[in-house]
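This is the structure I have questions about; it appears just below.
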Amino acid sequence: MSRNLISIQDFSKEEILEVLKMAAGFEKNPSQPIFRDKVVASIFFEPSTRTRLSFETAANRLGARVIGFSDAGNTSVTKGETIKDTIKMVSNYADLIVMRHPLEGSARYASEISPVPVINAGDGSNQHPSQTLLDLYSIQKTQGRLDNLFINMVGDLKYGRTVHSLLQAMSHFNPTFLFTAPEELKLPNEYKEYLRKRNIRFEETRNLSDGICQSDILYMTRVQRERFTDAIEYERVKNVYSLNNSMLDGAKPNMKILHPLPRVNEIALDVDNSDHAYYFDQAKNGVYTRMAIITKLFS
Ligand code: CP
C-alpha cells in the first residue's frame, strides 16, 4: 500500500522532524536528481501560485518529470468525468499525484482510489499539510526550536486550512496559542476540542494588538473570498485586520511574521522591509520542504 500525505496527522512527530531534517539537507544542496525515473502529476482543480510551482520545482530538482494541469477547465472534467475516473487515469501515467481541490475530503477520497501516493495540496477549508511542513521548517529555522513557542494565529481561522493543519502539528511541541479572529471567522469548536484534549493552552481575542508583543510567531492569514457563501458577510469582514509597521513597536526581537500567502490587505506593504517579515522566505522554504516530502513518499 502506498504512503500518502492527506492530513498532517498522517505523519508522526518523528516523521515530521525527519522531513524537516531532510529539507535542511536539500536547502544546502538543492539539485539532487535522485528520481530521474519518476513522473509526478500536479493536478490543480483550484488556483495556486506557490504550492503548484514549488512542488513542480521540487520534482524537477529531484530529476523527476512533471505532468498535470493547473486548470481543470481544460480537462475532461468539463465533459462530466468524475474525480474517481480522473484519479484512475492520472495514476496510470504518474508515480505520485499532487492534488488541490476545493472539496473537503477530496484528497482522502483520491488516495483511496489511487495505487500511487497522493499529496493533498489543499482540500477546501480542511487541510494543507505540505504548507504546514514548510511553516514548521520556517519556524524552526527562525526560532532555533519548535518547542514552547507563543503562536498568534490571525484572520480567517474558520476556513483557513493552513491554520487547521498547523495547530495540529504544533500540538506536538507544547505551544501556547492566541487565536485572533472576528466572531464570524473564529476557530471552529472541533479544533478547540482537539487542543483541550491535548492540554494545549489557548486564548481567543478579536483585537490584533492584544498579542503582538508576546508572540514568537505572528501567523497572518487572508480572509478567503472563495470560501464564503454569503457575499455580504465577506464584505463585512474582508478588511477586519491590517497589520502595519507601527504596530510592530514592542514586538520581541525574534518575532517573525508568517503568512501562507497570497495576501490581500492584511499586511501593509511597509511591513515587507521589517526584520520581522519572513513570509517571502517562508514561501521559498516550500521548495526544500516539498523535495523532502516527495523523497519520503518515494522511499
Ligand atoms: N500558500 C498557498 O497555498 O499558496 P497558493 O494558493 O499560491 O498555492
Side-chain angles (χ1 to χ4, degrees), residues 5-8 19-20 23 40-61 66 68-73 96-104 106-107 110 118-139 141-142 151 153-170 185 217-228 234 238 241 243 256-267 271-272 277-294:
L5 178 58
I6 306 302
S7 159
I8 195 63
V19 167
L20 302 190
V40 171
S42 155
I43 58 172
F44 278 66
F45 295 81
E46 202 183 49
S48 167
T49 297
R50 278 146 293 272
T51 309
R52 185 173 70 82
L53 294 178
S54 63
F55 260 121
E56 294 185 7
T57 303
N60 276 294
R61 289 205 180 280
V66 178
F69 54 83
S70 57
D71 178 359
L96 181 148
I97 298 173
V98 179
M99 172 174 146
R100 171 171 288 186
H101 197 284
L103 277 183
E104 288 87 11
S106 52
V118 175
I119 299 174
N120 178 9
D123 62 329
S125 57
N126 184 32
Q127 284 268 324
H128 195 348
S130 68
Q131 176 72 44
T132 296
L133 288 161
L134 80 88
D135 292 344
L136 293 176
Y137 185 71
S138 302
I139 293 170
K141 201 169 149 186
T142 59
I151 314 275
M153 293 180 156
V154 180
D156 181 355
L157 309 187
K158 180 176 179 183
Y159 301 114
R161 57 194 176 200
T162 66
V163 166
H164 303 158
S165 297
L166 182 59
L167 71 82
Q168 290 179 336
M170 281 306 301
L185 296 175
I217 295 294
L218 186 58
Y219 194 87
M220 300 294 296
T221 63
R222 173 176 67 97
V223 177
Q224 305 169 89
R225 185 179 52 203
E226 65 272 28
R227 306 275 175 245
F228 283 77
Y234 169 70
K238 68 177 182 183
Y241 300 123
L243 183 71
K256 293 294 177 200
I257 303 162
L258 269 56
H259 190 312
L261 303 177
R263 70 166 153 191
V264 187
N265 296 318
E266 61 278 3
I267 302 180
V271 177
D272 293 359
Y278 193 73
Y279 29 93
F280 296 123
D281 298 294
Q282 176 191 0
K284 189 175 177 188
N285 291 336
V287 173
Y288 318 125
T289 314
R290 288 173 171 133
M291 288 176 80
I293 296 167
I294 291 171

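Excluded from the calculations below are hydrogen atoms, water molecules and symmetry mates; all remaining heavy atoms, backbone and side chain alike, are included. Each ligand, and each atom within it, is numbered from 1 in the order the structure gives.
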Looking at T49, which atoms of ligand 1 are within less than 4.0 Å of one of its heavy atoms?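 Answer, ordered by atom number: 5 (P), 7 (O), 8 (O).
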
Counting non-hydrogen protein atoms only, what is the nearest one to atom 4 (O) of ligand 1? Give residue, atom name and distance.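 Result: R50 NE, 3.1 Å.
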
Test item: side-chain donor near acceptor, N60 and E56, under 3.5 Å: no

With side-chain hydrogen bond (donor to acceptor under 3.5 Å, both in side chains) as the test, would you mind laying out the steps for Q127 and D123 before giving the verdict? CA-CA 6 Å; Q127 284 268 324; D123 62 329; over 6 Å; no

For atom 1 (N) of ligand 1, what's the nearest protein heavy-atom neighbour? Residue, atom name and distance, please. P260 O, 2.8 Å

Decide whether R52 and S42 meet the rule of one side-chain donor and one side-chain acceptor closer than 3.5 Å. no

Geometric N/O contact R52 with ligand 1, under 3.5 angstrom: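 For ligand 1, there is no N or O atom that lies under 3.5 Å from one belonging to R52.
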
Please could you name the atoms of ligand 1 that Q131 approaches to less than 4.0 Å, counting only its heavy atoms?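 That gives atoms 1 (N), 2 (C) of ligand 1.
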
Approximate separation, where rounding is to 0.5 Å, of L261 CG and I267 CD1: 7.0 Å

Counting only heavy atoms closer than 4.0 Å, does ligand 1 sit against the backbone of L261, its side chain, both, or neither?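 For L261, only backbone atoms sit under 4.0 Å from ligand 1.
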
Quick one: do the T221 and E266 side chains pair a donor with an acceptor below 3.5 Å? no

Does R100 reach ligand 1, in the sense of a heavy atom lying below 4.0 Å from it?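 In this structure, R100 qualifies as a contact of ligand 1 - some heavy atom is under 4.0 Å.
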
With a distance cut-off below 6.0 Å to the six-membered ring centre and an angular limit of 45° from the axis, does R100 pair with F44 as a cation-pi contact?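 No, cation not above the ring by the 6.0 Å, 45° rule.
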
Going by the atom numbers of ligand 1, which of them fall below 4.0 Å from some non-hydrogen atom of T51?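 Counting from 1, the qualifying ligand atoms are 2 (C), 3 (O), 4 (O), 5 (P), 8 (O).
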
